[in-house]
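The structure appears right after this line, and notes come after that.
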Protein chains: 2
Amino acid sequence: MRISDLSRLSGVPITTIKYYLREGLLPPGTPTAHNQAVYDDDHLRRLRLIRALVSVRGLSVNATAELLEALSRDDGDLHRTLGLVLGALPVGEHPAGDQPAGDTVPRARLEEAEKLIEALGWRIHRRSEGRLALARALYEMAEVGLPLRVETLVPYARLTERIAALDLDQLAGDEDDHIDIAERAVLTTILLEPVLLLLRRMAQENESASRHGTGEEPR
Amino acid sequence: MRISDLSRLSGVPITTIKYYLREGLLPPGTPTAHNQAVYDDDHLRRLRLIRALVSVRGLSVNATAELLEALSRDDGDLHRTLGLVLGALPVGEHPAGDQPAGDTVPRARLEEAEKLIEALGWRIHRRSEGRLALARALYEMAEVGLPLRVETLVPYARLTERIAALDLDQLAGDEDDHIDIAERAVLTTILLEPVLLLLRRMAQENESASRHGTGEEPR
DNA sequence: GAACGTGGAGAGTGATACTCTCCACTCTCT
DNA sequence: AGAGAGTGGAGAGTATCACTCTCCACGTTC
């Protein structure tokens with residue numbers, strides 16, 4: 001398949017595909033002549049993945065490149081792969097350590113994050129991005145006037161445990177070979193995020209309707 | 001308080017504050033002379049809220065403006081306010097209806113979203129953003145090779161129901177007046193999102209460690 | 001009354017994700 | 001075999017966004 005086919009099948013403009021090639025998001029096709037190359041279904045699949053990460057989840061092209069690079073070093077070990085995926089991912093809008101952290105996140109918040117993890121009994125890798133990111137998130141909530149206490153967070157965390165269990169079931173089951181495990185890990189973790197947030201919002205609307213008195217006309 | 005105080009207390013540069021004023025994110029101060037004005041604590045609080053939405057959650061300045069505008073029309077009715085907040089919020093990276101939807105989201109997905117909502121027994125407003133956004137999210141998952149079936153989503157949705165219940169408890173309780181209910185709804189809904197996603201990721205790591213065999217050294 | 005701060009507005013900046021333009025070459029159709 | 005379209009590659013240009021800078025006439029403070 002040539003680049004125009006790739007473009008036609010994916011809906012991504014040729015120039016954009018070239019751009020992704022240049023940026024290393026997409027591996028080069030196998031060359032057939034000095035300036036000709038062919039692409040295969042892997043390229044198509046990869047391209048769709050890129051578009052999903054970039055346009056659905058809003059990952060930056062750079063972050064996507066890093067993530068895909070980590071994925072390509074995958075050795076089939078689910079636990080390791082998941083670690084890679086989780087580690088390579090920005091959560092909020094912190095475009096790669098914009099500040100030396102020592103100043104932005106006071107030690108007190110870091111300790112609070114540790115305390116939460118300990119209270120939950122979770123085993124999280126010492127150097128996991130999550131610890132710092134969590135501390136930062138807690139710090140920001142406190143800054144804006146809504147400090148979150150450990151007692152408040154624990155019930156939330158318990159529910160996320162069960163979500164995570166569902167996630168891993170998803171990953172473990174469904175041994176259809178056409179998508180490899182690493183890619184499924186990415187999809188399940190990252191692309192499910194907006195779905196979960198949406199479900200939460202709708203559940204809030206529903207819960208609010210229930211509590212507020214059911215007289216509310218759906219109309 | 002003058003603009004420099006606002007800047008000093010919030011850490012936001014004066015020029016940026018002026019920019020927010022121009023864009024209508026921040027209401028003008030009360031003028032004391034032809035070119036002098038004073039600001040109060042509300043401005044400071046509002047400014048912190050803006051920064052949280054923009055830099056923590058990555059909301060665009062425009063979306064933030066719309067949200068704040070909706071908030072300022074708040075009448076103290078929690079259910080209504082929550083509706084406003086939820087309605088004014090982008091979830092993914094769809095910067096305000098970039099396509100006429102009829103083409104991008106096939107009717108089949110819309111029906112699937114409806115089916116899910118029905119299966120859950122949720123009461124969601126007919127014209128809720130959520131329906132379309134959910135359909136779009138499902139469509140995108142399917143596009144990328146990981147179609148989500150209703151049976152798969154229901155257990156997730158049940159957990160989000162419980163998260164939503166916690167959210168509303170948070171909102172209902174804590175009758176400390178210094179932050180009004182509308183603002184707390186925004187904070188709880190939006191700023192908790194990254195925290196929840198982080199917790200989910202860490203829970204995944206934990207769950208994966210448990211399942212994968214506990215021999216894994218934390219190191 | 002001098003130095004500094006202020007509100008307001010327009011222009012400039014830096015980052016990002018494309019998108020356009022060229023070019024020498026290759027493929028495809030007839 | 002020859003014409004027209006397509007290709008890989010690379011550099012330059014564009015659009016958007018969130019600031020950020022610069023100016024200016026005027027206030028405020030010491």
Side-chain angles (χ1 to χ4, degrees), chain A residues 1-40 43 47 50-68 90 92-99, chain B residues 1-40 43 47 50-68 90 92-99:
Chain A
M1 142 190 346
R2 274 169 298 161
I3 202 167
S4 59
D5 302 306
L6 207 51
S7 170
R8 191 170 32 76
L9 291 173
S10 66
V12 178
I14 289 182
T15 48
T16 304
I17 296 176
K18 288 183 173 184
Y19 167 64
Y20 289 156
L21 284 166
R22 253 181 293 166
E23 297 296 311
L25 296 204
L26 212 50
T30 50
T32 60
H34 189 50
N35 31 324
Q36 295 284 283
V38 292
Y39 305 89
D40 56 22
H43 285 92
L47 187 51
I50 292 167
R51 291 259 76 176
L53 295 175
V54 169
S55 79
V56 178
R57 238 327 292 274
L59 232 54
S60 76
V61 166
N62 218 308
T64 307
E66 281 170 32
L67 174 59
L68 293 175
E93 281 290 301
H94 297 284
D98 41 0
Q99 262 147 358
Chain B
M1 146 186 347
R2 271 167 300 159
I3 201 167
S4 58
D5 301 307
L6 207 49
S7 170
R8 190 170 33 75
L9 292 172
S10 64
V12 178
I14 291 183
T15 48
T16 304
I17 296 176
K18 286 183 174 182
Y19 166 62
Y20 290 156
L21 284 167
R22 253 180 292 164
E23 297 297 312
L25 295 204
L26 212 50
T30 49
T32 60
H34 188 50
N35 31 325
Q36 296 283 283
V38 292
Y39 305 88
D40 56 23
H43 285 93
L47 187 51
I50 291 168
R51 292 259 72 178
L53 295 175
V54 169
S55 79
V56 178
R57 238 325 292 275
L59 232 56
S60 74
V61 166
N62 218 306
T64 307
E66 282 170 31
L67 174 59
L68 293 175
E93 281 290 303
H94 297 283
D98 41 2
Q99 262 147 359

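All of these numbers come straight from a predicted model, not from anything done at the bench. Naming convention: chains lettered A, B, ... in sequence-line order (proteins, then strands); numbering from 1 in each chain.
Closest to the side chain of T15(B), out of dT20(D), dA18(D), dG9(D), is dT20(D). With dC19(D), dC27(C), dA18(D) as the candidates, the nucleotide lying closest to the side chain of Q36(A) is dC27(C).
Rounded to whole Å, atom P of dT20(D) lies 14 Å from atom CD of E23(B). Computed from coordinates, the N35(A) CG to dA10(D) C1' distance equals 13 Å when rounded to whole Å. The interatomic distance linking L21(A) (CG) with dT19(C) (C1') rounds to 15 Å, in whole Å. Here the P atom of nucleotide dG5(C) and the CD1 atom of I3(B) are 13 Å apart, to the nearest Å. Rounding to whole angstrom units, CG of residue L25(B) and C1' of dA18(D) are separated by 11 Å. Remark: P of dA17(C) and OH of Y19(A) are 5 Å apart, rounded to the nearest angstrom. What separates OH of Y39(A) from P of dT7(D) is a distance of 9 Å, to the nearest Å. In this structure, the CG atom of N62(A) is 8 Å from the P atom of dA17(C), given to the nearest Å.
The residue R8(B) sits apart from the nucleic acid: no heavy atom pair falls under 4.0 Å. Note on S4(B): only backbone sugar-phosphate atoms sit closer than 4.0 angstrom, heavy atoms only; bases stay farther off.
What you find for R2(A) and Y39(A) is that their closest heavy atoms are C-CD1, 3.9 Å. Taking both residues in full, the closest heavy atoms of L47(B) and S10(B) are given as CD2-OG, 3.3 Å, listed atom of the first, atom of the second, then distance. A pairwise comparison of heavy atoms in L6(B) and M1(B) identifies CD1-SD, 3.6 Å as the closest pair. Contact between E23(B) and A65(B) at its shortest, heavy atoms only, is O-CB, 4.5 Å.
Both A33(B) and R51(B) sit near DNA chain D, but only R51(B) has its closest nucleotide nearer the 5' end. Nucleotides of DNA chain C nearest to I14(B) and R22(B) differ in position, and the one nearer the 5' end is that of I14(B). Heavy-atom distances to DNA chain C give each of R2(B) and P13(A) a nearest nucleotide, and the one nearer the 5′ end belongs to R2(B).
Phosphate contact (OP1/OP2 of dT19(C), side-chain N/O of T16(A), threshold under 4.0 Å): present.
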Item checked: Derivation of the side-chain contact (heavy atoms from CB on, under 4.5 Å) call for I14(B) and S7(B) -> CA-CA 6 Å; I14(B) 291 183; S7(B) 170; 3.6 Å; yes
